[in-house]
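First up is the structure itself, then whatever we jot down about it.
Note that the coordinates shown come from a computational prediction; the quantities given were computed from them, not determined experimentally.
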Amino acid sequence: MKMNQNKKTLKSSLLGISLALLLATSFVGCTESGAKKEDDPSILLYLANNPNSANEVQRICLGTYAAANSCVGGTEFFNPGVGCSLIKLGGKTTDELNALKECVLKKVNDAVQPCNLPQFTYALAQQALAGAFAACNTSYTTAAGTTVDLKGYLVY
C-alpha cells in the first residue's frame, strides 16, 4: 500500500514538474526575441533636453542622424545627443553638415542597395559606419564639387 502511494506521489510530482517546465517554456517563447526593430528615442530625448536647439547646423545634423539611424536595425544607434551637441558642432558650417547629409542620403536612397530596407540594414551603428557610411567618415566631395573632411561627424 505504501509503495503504491509513493508511486502516485512520484507520478504527480513528475507531472507537476513537467507542467511547470511547459509553462515556463511557453512564457519564454512568448517574450520578444529582439528581432523587431525598435524605434530610436535618442533624437527625441535630445530635443526634449535641449528645447532651444533652433540652430540651423543642429537641425541639419539631427535630420542626418535620423536618416543614418534608419539604416541601423539593432539597438546601438548613431548618437545625435553627442554628435549634434553645440560643443561637437562648434565651428562647423551648414555647408559641412549639408555635405554629411548628402553623403548619408546617398546611401539611404541608393538605387541598388538602400540601407534603410530591412534586408540591407546593419545590426550596429559601428557596422553601418564601416559599411554603408564609410565614405561619410573621410574626405567627401559633394555633387557641387566641394571637398569636406567628414571624419568623426557620425558618432555612436
Side-chain angles (χ1 to χ4, degrees), residues 17-156:
I17 291 171
S18 298
L19 285 174
L21 286 173
L22 283 173
L23 276 172
T25 306
S26 68
F27 283 124
V28 171
C30 290
T31 60
E32 204 165 318
S33 67
K36 180 183 167 208
K37 183 175 179 180
E38 306 257 341
D39 290 332
D40 175 27
S42 56
I43 290 176
L44 293 175
L45 289 173
Y46 180 80
L47 290 173
N49 291 325
N50 297 292
N52 299 324
S53 65
N55 182 330
E56 180 66 21
V57 172
Q58 280 186 309
R59 279 198 296 271
I60 296 168
C61 184
L62 290 170
T64 302
Y65 268 74
N69 280 333
S70 72
C71 294
V72 180
T75 57
E76 180 195 279
F77 295 94
F78 290 104
N79 188 342
V82 174
C84 297
S85 69
L86 290 174
I87 294 168
K88 178 84 172 167
L89 293 176
K92 306 276 195 272
T93 65
T94 55
D95 289 339
E96 291 171 323
L97 270 292
N98 279 327
L100 177 65
K101 179 180 171 183
E102 178 184 312
C103 182
V104 167
L105 290 178
K106 188 176 182 182
K107 292 300 181 179
V108 171
N109 299 323
D110 188 73
V112 177
Q113 193 172 342
C115 66
N116 63 343
L117 291 181
Q119 63 267 32
F120 301 124
T121 58
Y122 292 84
L124 304 170
Q126 180 180 9
Q127 294 168 335
L129 186 59
F133 303 124
C136 305
N137 197 31
T138 185
S139 288
Y140 177 77
T141 304
T142 65
T146 309
T147 301
V148 180
D149 184 15
L150 298 177
K151 181 118 179 97
Y153 277 58
L154 286 174
V155 294
Y156 47 90

I'd like a table of donor-acceptor pairs (distance under 3.5 Å, sequence neighbours excluded) in which one partner is a side-chain atom from residues 142-150, with atom names and distances.
{"unit_1": "Thr142", "atom_1": "OG1", "unit_2": "Ala144", "atom_2": "N", "d": "3.4"}
{"unit_1": "Thr142", "atom_1": "OG1", "unit_2": "Gly145", "atom_2": "N", "d": "3.4"}
{"unit_1": "Thr142", "atom_1": "OG1", "unit_2": "Thr146", "atom_2": "N", "d": "3.1"}
{"unit_1": "Thr142", "atom_1": "OG1", "unit_2": "Thr146", "atom_2": "O", "d": "3.3"}
{"unit_1": "Thr147", "atom_1": "OG1", "unit_2": "Thr141", "atom_2": "OG1", "d": "3.2"}
{"unit_1": "Asp149", "atom_1": "OD1", "unit_2": "Lys151", "atom_2": "N", "d": "3.3"}

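Residue pairs meeting the side chain to side chain donor-acceptor pair (under 3.5 Å) criterion with at least one member in residues 100-114, sequence neighbours excluded: Glu102-Tyr140. For the disulfide (SG to SG under 2.5 Å) condition, the pairs that include at least one residue of residues 124-156, sequence neighbours left out, are Cys103-Cys136.
Considering every non-hydrogen atom in both Ala68 and Leu154, the closest pair reads CB-CD2, 4.3 Å. Taking both residues in full, the closest heavy atoms of Val72 and Leu124 are given as CG1-C, 3.9 Å, listed atom of the first, atom of the second, then distance. Taking all atoms of both residues into account, the shortest heavy-atom contact from Ala67 to Val108 is O-CG2, 3.5 Å. When all heavy atoms of Cys61 and Gly83 are compared, the pair lying nearest together is SG-O, 3.6 Å.
Contact check for Val155 versus Tyr65: side-chain heavy atoms found under the 4.5 Å cut-off. Here the side chains of Thr94 and Ile60 are in contact, with some heavy-atom distance below 4.5 Å. Annotation: side chain of Cys71 is not in contact with side chain of Phe120 (no heavy-atom distance under 4.5 Å).
With rounding to the nearest 0.5 angstrom, the CG atom of Leu89 is 7.0 Å from the CG atom of Asn55. Note that CZ of Arg59 is 12.0 Å distant from CG of Leu97, once rounded to the nearest 0.5 Å.
The side-chain contact (heavy atoms from CB on, under 4.5 Å) test applied to Gln126 returns Glu76, Tyr156, not counting sequence neighbours.
A cation-pi geometry, defined here as NZ or CZ lying under 6.0 Å from the six-membered ring centre and within 45° of its normal, holds between Lys92 and Tyr153.
Listed for the Asn69 side chain is a donor-acceptor partner under 3.5 Å among the backbone atoms of Phe78. Formation of a donor-acceptor pair under 3.5 Å by the Thr138 side chain with backbone atoms of Ala135 is not found in this model.
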